[in-house]
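One structure is given below, encoded as structure tokens.
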Amino acid sequence: MRALFLILCVFASLMVGLGYSARTSSNNPLGNALMFGGIAIYLGILITWILFKIKERGEQK
């Protein structure tokens with residue numbers, strides 16, 4: 001599971017970096033879309049990690 005999160009974090013970082021570098025006056029929608037996609041991946045990882053920790057804590061009790 002950690003390997004999947006690491007791969008997704010690297011991919012999201014690349015998307016945000018590409019989005020930031022593509023934010024010129026002519027490619028502004030493309031840059032915004034790439035950055036939004038990267039941030040959405042980060043949020044998905046965060047939500048999944050939180051739910052996994054809550055489930056793990058509930059099983060320990």
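None of the values given here were measured: they were computed from a predicted structure. Hydrogens, waters and symmetry mates are skipped; everything else that's a heavy atom, side chains included, is used.
Across all their heavy atoms, A12 and I41 have their closest contact at CB-CG2, 3.7 Å. Between L34 and G19, the shortest heavy-atom distance links the atoms CB-CA, 3.6 Å.
When the side chains of ILVMFWY residues are joined at heavy-atom separations under 4.5 Å, either directly or via intervening members, L14 and M35 end up in two distinct hydrophobic clusters. Under the 4.5 Å side-chain heavy-atom criterion for ILVMFWY residues, a single connected hydrophobic cluster contains both F11 and L46.
Atom NZ of K53 is separated from atom CD1 of I50 by 11.5 Å, given to the nearest 0.5 angstrom. Of the inter-residue distances, the one linking T48 atom OG1 with F5 atom CZ reads 5.5 Å to the nearest 0.5 angstrom. One distance of note links CH2 of W49 with CD1 of I54; it measures 10.0 Å at 0.5 Å rounding.
Here the side chains of Y42 and L8 are not in contact, with every heavy-atom distance at 4.5 Å or above.
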